[in-house]
Visitor: 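Sharing a structure, written as structure tokens. Questions coming.
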Amino acid sequence: MTANNRGPAERPARAVTRTLPDGIQKTVLPSGLRILTESIPHTRSAALGIWVGIGSRDETPSLHGASHFLEHLLFKGTHRRTALDISAEIEAVGGETNAFTTKEYTCYYARVLDADLPLAVDVLCDALADSLLEPDDVETERGVILEEIAMHEDEPGDEVHDIFSEAIFGDHPLGRLISGTPESITPMTRNQINKFYRKRYTAPEVVIAAAGNLDHAAVVKLVRKAFAGTPLDTEPAAPAPTRPWEKPVRLQKPSTVVVRRETEQAHIVLGGGGLGRHDERRFALGVLNNVLGGGMSSRLFQEIREKRGLAYSVYSYASQHADAGLVGVYAGCAPTRAQEVLDLIRVELDRVAADGITPGELLRGKGMVKGSYVLGLEDTGSRMSRLAKSELLHGDIMGVDDLLARVDAVTVDEVNAVAAELFAGRGGRSLAVVGPFDEADFSA
């Protein structure tokens, strides 16, 4: 099932607006395009994002890296603006604009003074809907992307996470690099990218979110004007439903992958499959992750860095997709200490799986989850991202108070059950290593 064919939904005959939790307003246009805003009157800025529910997992093998390639190209010029115009118009008012691609969505965003929000809407909408994808620009950006891939390979602390993801998901699109590879990017044609652009970037897949000192009706009017007469001004259609998650992604058998690099540090990730983002246990996993390796008071940080000084950086993390997830522990340490650090990580994972966490750790873990979430909403960019991700990934917006209540409701037993399922290691754990090693060094 593709991202553009996810099942039936209501087809609005006209624009429909309603108010959501926390005073957020949402309008669905007849085309299926959604607009969400949060008014924050005391600010003097506004953040705008155009989010498209298409990412690297929506690519065929021959189009591996097309989403990221397209993200680069949409800033290269339209019928109305050159690449210089796009950047100069925003920078002339002190604003900033950028974009990023993930495995399940792509985002184009800008942050400007509140008075300049109309300009940001016009520029970003123009770039998204009317990019020329000139052949010369395709060749220029091809070179840029190949350099970006090479640079990524020179960052072993980043590369090890990609290796770990591939070890968990294999050749499934979730296991591939978002950027693509030199083998997929080099032969990709302008025609292939343009077909991907026009087929995938449709109004039902688009969510526009804005937060700051703004008026919802005015933003809706600006968006409709900016898209009038473009490929995103289409016949009535239903908004794309959230990505399906009924069939979990099949995970790979546990394995050890070692990539030899003559680095000064060993980079290690140990873990396995996790929870999808729709799993009700995700709140318990959030608490568990903070207790295990989410901060300076966490078990891993205390045991490996504070007590023994074996690593500068050590932490646990959880990545969640619609139908799959992974959990891992990362450590960067001297190569001579890699095995000792790895043994300590295994001990902590075994201990939390067998014995769980304490009531005191539960309270601390809850506090960390709630604090990081609320403090993360202190700027307009974070508020904007919250609106778009909630709509695009979950199909609704949970109010801040409701979310905090869900975290508060997590029990010790729930956390311990998740720990036993994910960290017991009964079926084995996958290990990814980048450093001056061979596979035989970790064969045991």
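The figures here come from the full heavy-atom set of this structure, side chains too, leaving out hydrogens, waters and symmetry mates. Bear in mind the structure is a predicted one, so any value in this text is a computation, not a measurement.
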Visitor: Does the side chain of E141 come under 3.5 Å of the side chain of H72 through a donor N or O and an acceptor N or O?
Guide: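 There is such a pair between these side chains.
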Visitor: Can you confirm whether L387 sits close enough to E391 that some side-chain heavy atom of one is under 4.5 Å from a side-chain heavy atom of the other?
Guide: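 No, too far: nothing below the 4.5 Å cut-off.
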Visitor: Relative to the ring of H394, is the ring of H278 parallel (under 30°), tilted (30 to 60°) or perpendicular (over 60°)?
Guide: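 H278 vs H394 ring planes: perpendicular.
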Visitor: Okay, side chain of E104, backbone of A322: is any donor-acceptor separation there less than 3.5 Å?
Guide: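 Yes.
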Visitor: What is the distance from atom CZ of R34 to atom CG of L392, rounded to the nearest 0.5 Å?
Guide: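 One gets 6.5 Å once the value is rounded to the nearest 0.5 Å.
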Visitor: Side chains of T380 and R111 only: does a donor on one sit below 3.5 Å from an acceptor on the other?
Guide: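 Looking only at side-chain atoms, R111 and T380 do form a donor-acceptor pair, the distance falling under 3.5 Å.
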Visitor: Quick one: do the S62 and T60 side chains pair a donor with an acceptor below 3.5 Å?
Guide: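 Yes - a donor-acceptor pair under 3.5 Å links their side chains.
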Visitor: Determine yes or no for a side-chain-to-main-chain donor-acceptor pair under 3.5 angstrom, with S382 supplying the side chain and G376 the backbone.
Guide: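 Answer holds: yes.
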Visitor: Going by atom types only, do H152 and D158 share a side-chain donor-acceptor pair under 3.5 Å?
Guide: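 The criterion, which ignores hydrogens and geometry beyond distance, is not satisfied for D158 and H152.
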Visitor: How about L349 and L270: do any of their side-chain heavy atoms sit closer than 4.5 Å?
Guide: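 Heavy-atom side-chain distance check passes, below 4.5 Å.
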Visitor: Side chains of I193 and V138, heavy atoms from C-beta outward: is any pair under 4.5 Å?
Guide: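 Side-chain contact under 4.5 Å: yes.
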Visitor: Taking atom CG of D171 as the centre, report whether more than 12 heavy atoms of other residues, nucleotides or ligands fall under 6.0 Å from it.
Guide: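 At most 12 heavy atoms, drawn from other residues, nucleotides or ligands, come within 6.0 Å of this atom.
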Visitor: Is the shortest side-chain N to carboxylate O distance from D22 to R383 below 4.0 Å?
Guide: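 The answer is no: the pair does not qualify as a salt bridge.
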Visitor: Between T17 and Q25, is any side-chain donor less than 3.5 angstrom from a side-chain acceptor?
Guide: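 No - no donor-acceptor pair under 3.5 Å links their side chains.
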Visitor: Please say which of K103, R250, R57, R243 ends up in a salt bridge (charged side-chain N to carboxylate O under 4.0 Å, His left out) with D323.
Guide: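 Filter result, single survivor: R57.
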Visitor: Less than 4.5 Å apart, any side-chain heavy atom of V112 and any of L119?
Guide: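 V112 vs L119: side chains apart.
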Visitor: Under 3.5 Å, is there a donor on one side chain and an acceptor on the other for D85 and T82?
Guide: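 Side-chain D/A pair, D85 to T82: present.
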Visitor: Would you say the side chain of F69 lies within less than 4.5 Å of the side chain of L63, judging by non-hydrogen atoms?
Guide: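 Answer no - side chains too far apart.
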Visitor: Check for a donor-acceptor pair, side chain of T106 on one end and backbone N or O of V52 on the other, with a separation under 3.5 Å.
Guide: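 Here the side-chain-to-backbone pair does not exist.
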Visitor: Fit a plane to each ring of H161 and Y317, take the angle between them on a 0 to 90° scale, and name the class: parallel (under 30°), tilted (30 to 60°) or perpendicular (over 60°).
Guide: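 Geometry flag for Y317 against H161: perpendicular rings.
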Visitor: Taking the side chain as every heavy atom from C-beta outward, state whether R386 and I24 have any pair of such atoms under 4.5 Å apart.
Guide: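 They are in side-chain contact.
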Visitor: Are K389 and W51 side-chain neighbours, meaning at least one heavy-atom pair lies under 4.5 Å?
Guide: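 A side-chain contact exists here, since the closest heavy-atom pair is under 4.5 Å.
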Visitor: Step by step, work out the salt bridge (Lys or Arg N to Asp or Glu O under 4.0 Å) result for D350 and R429.
Guide: CA-CA 11 Å; D350 289 342; R429 300 172 180 131; 2.7 Å; yes
Visitor: For the pair Y108 and Y201, name the ring-plane relationship: parallel under 30°, tilted 30 to 60°, perpendicular over 60°.
Guide: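 Correct class here is perpendicular.
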Visitor: Look only at the side chain of R81 and the backbone of S87, and say whether a donor-acceptor pair between them is shorter than 3.5 Å.
Guide: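 No.
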Visitor: Using a 4.5 Å cut-off on heavy atoms from C-beta on, say whether the side chain of V291 contacts that of R299.
Guide: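 R299 reaches V291 side chain to side chain.
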Visitor: Between H216 and T27, is there a side-chain donor-acceptor contact under 3.5 Å, judged purely by atom types and distance?
Guide: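 Yes, H216 and T27 have a side-chain donor paired with an acceptor closer than 3.5 Å.
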